[in-house]
2 protein chains.
Amino acid sequence: MTDSNPNAALTAPSIPGDALPPVEQHAQQYATVRNAHETELIEDYVELIGDLLAHRGEARAADIANRMAVSQATVSKMIRRLNELELVTSKPYRSLFLTEAGQKMAETSRARHDIVLHFLRALGVKDATARIDAEGMEHHVSDETLAIMQRFTEQQQNN
Amino acid sequence: MTDSNPNAALTAPSIPGDALPPVEQHAQQYATVRNAHETELIEDYVELIGDLLAHRGEARAADIANRMAVSQATVSKMIRRLNELELVTSKPYRSLFLTEAGQKMAETSRARHDIVLHFLRALGVKDATARIDAEGMEHHVSDETLAIMQRFTEQQQNN
DNA sequence: CAAACAGTTTAGCCTTGGCTAACAATATTG
DNA sequence: CAATATTGTTAGCCAAGGCTAAACTGTTTG
Ligand SMILES: [Mn+2]
Ligand SMILES: [Mn+2]
Ligand SMILES: [Mn+2]
Ligand SMILES: [Mn+2]
């Protein structure tokens with residue numbers, strides 16, 4: 001549980017920069033990231049399906065494959081998983097639809113995604129870059145940071 | 001390559017929110033994220049090894065396992081990979097060291113990580129939260145955004 | 001309405017990144 | 001210095017998320 005080399009002070013170089021965080025806190029950082037990685041792809045699928053339903057009226061596997069730049073086989077497998085998780089309903093060869101739980105997840109993810117995207121634009125990041133960055137960052141932004149981003153964006157707009 | 005349902009405008013609901021980006025751009029978002037995921041764990045290992053070397057004088061597998069909250073077996077396997085990638089050198093039962101390439105990656109990752117962390121703190125995020133968010137966000141921040149974050153932090157400090 | 005095309009599913013493969021259990025090497029200590 | 005504790009390695013397992021190739025279903029069109 002604790003670091004080896006107890007007499008670190010004796011061997012450490014002279015310019016240590018920022019200190020290392022305590023082991024438990026440091027471990028928490030990585031664990032939180034691993035956790036986010038478990039859910040983020042699911043969130044992106046559900047969010048995209050919600051967007052396709054909202055903007056196109058239907059969400060076909062082929063559209064998802066094209067929009068994600070992934071093979072149709074990959075999408076088909078993932079749809080089975082979403083089904084098992086009871087996030088979508090699907091009849092073979094028909095459009096997907098979101099369950100109640102799926103709609104809730106889609107809304108939450110969409111809202112969070114928008115906050116991050118609008119924040120980056122408010123910061124001065126070009127739209128195309130902001131979109132790319134937001135797609136990855138969104139899954140690693142705490143509620144605390146999210147709230148601050150939202151306030152920042154609003155203040156920026158009242159100027 | 002293009003969406004199905006060409007007469008989307010006819011079937012789309014009345015509150016479309018932000019429009020969907022063009023397929024190619026949308027695909028690029030997800031592809032960039034997938035790309036980042038391929039390298040981020042490697043970067044975190046190399047960065048941590050660099051930090052342990054800087055602050056402790058040595059980087060032992062057990063320390064990495066504790067700091068990452070991961071089993072020693074997982075670390076051992078990853079070290080083999082880092083060796084194959086020629087990012088670290090290691091003798092059995094001895095401390096790890098970074099190769100030239102490893103040092104370069106560690107520096108780059110550390111710098112990027114610090115910019116994101118300091119930016120979040122400058123935004124007003126609590127330290128513990130900022131550390132957690134930065135650990136995940138850092139891998140998804142473009143150079144463009146990174147530069148803007150750095151400027152923001154500096155301006156905040158000159159107040 | 002049959003053929004061609006488009007969309008979907010399945011099977012089987014691969015890599016990554018986790019884990020536990022068992023074993024091996026080194027370090028610490030009675 | 002032998003016994004014990006710590007550290008490191010190996011083997012074998014698993015799930016996730018990619019892929020290609022082949023089969024199947026549904027739609028469009030000559
Ligand atoms: Mn999203
Ligand atoms: Mn995303
Ligand atoms: Mn980092
Ligand atoms: Mn990280």
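Since the model is a prediction, treat every value here as computed from it, not as a measurement. Below, chain A is the first sequence line, B the second, and so on; all start at residue 1.
One can place CD of A/Glu84 at 13 Å from C1' of D/dA16, the figure rounded to the nearest angstrom. Look at CG on A/Leu41: it is 18 Å from P on C/dT16, rounded to the nearest Å. Rounding to whole angstrom units, CE of residue A/Met68 and P of D/dC19 are separated by 12 Å. B/Glu43 has its CD atom 15 Å from the P atom of C/dT16, to the nearest Å. Rounded to a whole Å, the CG atom of B/Asp44 is 15 Å from the C1' atom of C/dG18. Rounded to whole angstrom, the span from the CZ atom of A/Arg34 across to the P atom of C/dT16 amounts to 18 Å. Atom CG of B/Asn83 is separated from atom P of D/dG8 by 14 Å (rounded to the nearest Å). Put simply, CD on A/Glu40 is 21 Å from P on D/dA15, counting in whole angstrom units.
One finds no side-chain N or O of A/Arg60 lying less than 4.0 angstrom from the OP1 or OP2 phosphate oxygen of C/dG7. Residue A/Arg94 has a polar side-chain atom (N or O) positioned under 4.0 Å from OP1 or OP2 of D/dT27.
The structure places CD of A/Gln29 at 10.0 Å from CG of B/Asp133, a figure rounded to the nearest 0.5 Å. To the nearest 0.5 Å, atoms CG (A/Leu20) and CG (B/Leu48) are separated by 7.5 Å. For the atom pair A/Gln103 CD and A/Leu87 CG, the distance stands at 11.0 Å (nearest 0.5 Å).
Not one N or O on the side chain of B/Glu144 forms a donor-acceptor pair closer than 3.5 Å with the backbone of A/Thr129. Checked by atom type and distance alone, the side chain of B/Thr39 pairs as donor or acceptor with a backbone atom of B/Ala36 at under 3.5 Å.
With a 6.0 Å radius and a threshold of 12 heavy atoms from other residues, nucleotides or ligands, B/Glu86 has its CD atom at or below the threshold.
Ring pair B/His140/A/His140 is parallel by interplanar angle, where below 30° counts as parallel and above 60° as perpendicular.
Here B/Val75 lies out of heavy-atom contact (under 4.0 Å) with every strand.
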Restricting both atoms to N or O, compile the protein contacts to nucleotides 9-14 of chain D shorter than 3.5 Å, with distance only.
from, atom 1, to, atom 2, distance (Å)
D/dT9, OP2, B/Ser76, OG, 3.2

